[in-house]
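All values below come from the heavy atoms of this structure, side chains included, with hydrogens, waters and symmetry mates left out. So that the names make sense, note that chain A is the first sequence line, chain B the second, and so on, each numbered from 1.
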2 protein chains.
Amino acid sequence: MAAIGAMPEINGLRQKSRRSFVTLILTFLTSSQSILIVWSKRAGKYEYSVTTANFLVEALKCSLSLAALIRIWRKDGVTDDNRLSTTWDEVKVYPIPAALYLVKNLLQYYIFAYVDAPGYQILKNLNIISTGILYQIILKRKLTEIQWAAFILLCAGCTTAQLNPSSDHVLQAPLQGWVMAIVMALLSGFAGVYTEAIIKKRPSRNINVQNFWLYVFGMIFNAFAIMTQDFDTVMNDGFFHGYSLITVLMILNHALSGIAVSMVMKYADNIVKVYSTSVAMLLTAVVSVFLFGFHLSLAFFLGSTVVSVAIYLHSTGKARR
Amino acid sequence: MAAIGAMPEINGLRQKSRRSFVTLILTFLTSSQSILIVWSKRAGKYEYSVTTANFLVEALKCSLSLAALIRIWRKDGVTDDNRLSTTWDEVKVYPIPAALYLVKNLLQYYIFAYVDAPGYQILKNLNIISTGILYQIILKRKLTEIQWAAFILLCAGCTTAQLNPSSDHVLQAPLQGWVMAIVMALLSGFAGVYTEAIIKKRPSRNINVQNFWLYVFGMIFNAFAIMTQDFDTVMNDGFFHGYSLITVLMILNHALSGIAVSMVMKYADNIVKVYSTSVAMLLTAVVSVFLFGFHLSLAFFLGSTVVSVAIYLHSTGKARR
């Protein structure tokens, strides 16, 4: 009887350690992703077309999910939870996140008419706030007041850590730039929260089935992006023009971190994802000091302090329920 | 019976509103103090000797306390609580804060050999942390964990709000500069906390008696400072050389805010004082936009956000005792 009584606790522990594990993996992958980007920039401009790389990322994720599924089918047999069901009712929700990201990526081309690149980096932190708001509205899970305070601090801290002498330009950005940034933040927040809603809707459903469908539509939408944006380049120079070792590593990294994001959505939530990517941003800066001889600014230390306090508050704020 | 039962609540309310009142006054005075400093700098360099002005501030505070006492003696008669007792046992503690401030001000001359003026502004925020630590150790009043988090945020937020392109120099400051800054922060934190301890030791003692003794020793120590630092200037050019309308306003303001600090120590505490002066710093910046056409930086907005969250957390963190 005692052993049975202890079961939920062991399950809780297992869930908690799985959640911590996927969160750590996501933090590590996101951080090394930024380092690869810096590395590729140092090695020279992007020479490959970004749309083909994005397509390959989706294709790779899709293949990995399918491979995992096949292994599971061989081991456990095909069950209701790991079957690749193709009913419209099941599949119809999966194109939505991919479509949202596509619209967001298209907007990204236009926002640079109003905001410069460092300004855009700053404005991207609005994602944190939009994710918090949409998480609460759509997933109907409540953050406590302390957790909200922590989330505002996370946004302020990340922005502070990224401050540089030209950041103030963003305050002079025209209204259109701000509106577009807010719309983009809402789109990307909505895509994230919607993905979590899909994945969590049937908790017993195998994550690889859910991922497979997400990534199939990712491939379709990215194929569309190649056609509209890079058709000529691909036709003239070939699909893999300009690819290098770094490009391959970046694709591999993006694919793995994409899967890690899904895992975090399944076993944790969007809030954990936002904290994880924020910590990754700080980690990247610290690692860049050693790798590329970057200097850390006072603003970085202040921002990191605020982010650390935010993480502490988020976990304390949870305790009282 | 019901009326008697309600008495402590009314007293509590009165205490709370008195606390809010002195805090608001302190915030207002500190903020206008900084504005006067900016104004006087714009009008030209300090031409008067700072030590004589400091002496006059102490003399004015002392006279105001004495005037208030005389009014009280006339109204209520001389009681045990408002008598100007001159026993050594009573008076011996009052020179200590004045002496600490003197040492701190002397150090201030030397720190500029290691740290530039904007860097010193940044390092002064260490006062916030030292006050928190000494408050807890010496006054033995515990801040909750959330309140500590809030205090760290207050420090980070104030520093962020003051960031400017040359702030990063402070990271290159030599060790001596940092050590001196920490010693100065500890001295000023200790002086503040010690003053609170003196004032709160006998809560029934009239605040004007306590202020009188504090300011008498303030006068004595500042007279000493005139002799050691500005003796020649005062002898050759006269005591009031270089005084202008702004100088007089600044002396008046310093005197009133000095008294407001004492009031805050009596009816609230050092923590409230630190919050109050931090908010004053932010207010000053906002008012300077209108008065002097200053621009607010993105760092200022981020810092203000963090300070606002800190204030919210400080008051929420208190509730759970």
Side-chain angles (χ1 to χ4, degrees), chain A residues 115-116 118-119 121-123 125-126 128-129 144-173 178 289 294-320, chain B residues 115-116 118-119 121-123 125-126 128-129 144-173 178 289 294-320:
Chain A
V115 182
D116 58 2
Q121 281 302 320
I122 295 285
L123 288 173
N125 291 307
L126 289 171
I128 298 178
I129 300 297
T144 63
E145 278 180 28
I146 300 267
Q147 285 182 319
W148 259 112
F151 225 52
I152 293 168
L153 290 173
L154 181 68
C155 180
C158 286
T159 314
T160 303
Q162 292 171 314
L163 280 181
N164 62 56
S166 64
S167 312
D168 272 0
H169 293 317
V170 78
L171 294 178
Q172 274 96 50
W178 279 90
V289 170
F294 280 12
H295 285 288
L296 295 180
S297 65
L298 180 57
F300 177 80
F301 288 113
L302 293 169
S304 306
T305 306
V306 173
V307 170
S308 309
V309 174
I311 292 170
Y312 163 76
L313 288 171
H314 180 76
S315 56
T316 329
K318 196 160 41 186
R320 320 176 196 283
Chain B
V115 182
D116 58 1
Q121 281 301 319
I122 297 285
L123 288 173
N125 291 306
L126 290 171
I128 297 177
I129 300 298
T144 63
E145 278 180 28
I146 300 265
Q147 285 183 318
W148 259 112
F151 225 52
I152 293 168
L153 290 173
L154 182 68
C155 181
C158 285
T159 313
T160 303
Q162 292 171 312
L163 282 180
N164 62 56
S166 64
S167 313
D168 272 0
H169 292 317
V170 78
L171 293 177
Q172 274 95 49
W178 279 90
V289 171
F294 281 12
H295 285 290
L296 295 180
S297 65
L298 180 56
F300 178 81
F301 288 114
L302 294 168
S304 306
T305 306
V306 173
V307 169
S308 309
V309 175
I311 293 171
Y312 163 76
L313 288 171
H314 180 76
S315 55
T316 330
K318 198 160 39 185
R320 318 178 198 282

*Between chain B and each of A:V309, A:I152, A:L298, count heavy-atom pairs under 4.5 Å; write down the option with the most.*
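Heavy-atom pair counts peak at A:L298.
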*Quick one: which of A:I122, A:T159, A:D168, A:T305 has the most heavy-atom pairs under 4.5 Å with chain B, could you say?*
A:D168
_Closest-packed option against chain A by number of heavy-atom pairs under 4.5 Å, given B:C155, B:S308, B:A156_ = B:A156
*asked:* Distance check, rounded to the nearest 0.5 Å: A:L302 atom CG versus A:L163 atom CG?
replied: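 Reported value, rounded in 0.5 Å steps: 9.5 Å.
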Is [X] in contact with chain B via its backbone, its side chain, both, or neither, using a 4.5 Å heavy-atom distance?
X: A:T160; value: both
X: A:L296; value: backbone
X: A:V306; value: both

Atom of [X], atom of [Y] and distance for their closest heavy-atom approach:
X: A:C158; Y: A:N125; result: CB-OD1, 3.7 Å
X: A:Q121; Y: A:Q162; result: O-OE1, 3.9 Å
X: B:F151; Y: B:I129; result: O-CD1, 4.3 Å

*Carefully, step by step, assess A:W178 and A:V115 under the rule side chain to side chain contact (heavy atoms under 4.5 Å, CB included).*
CA-CA 9 Å; A:W178 279 90; A:V115 182; over 6 Å; no
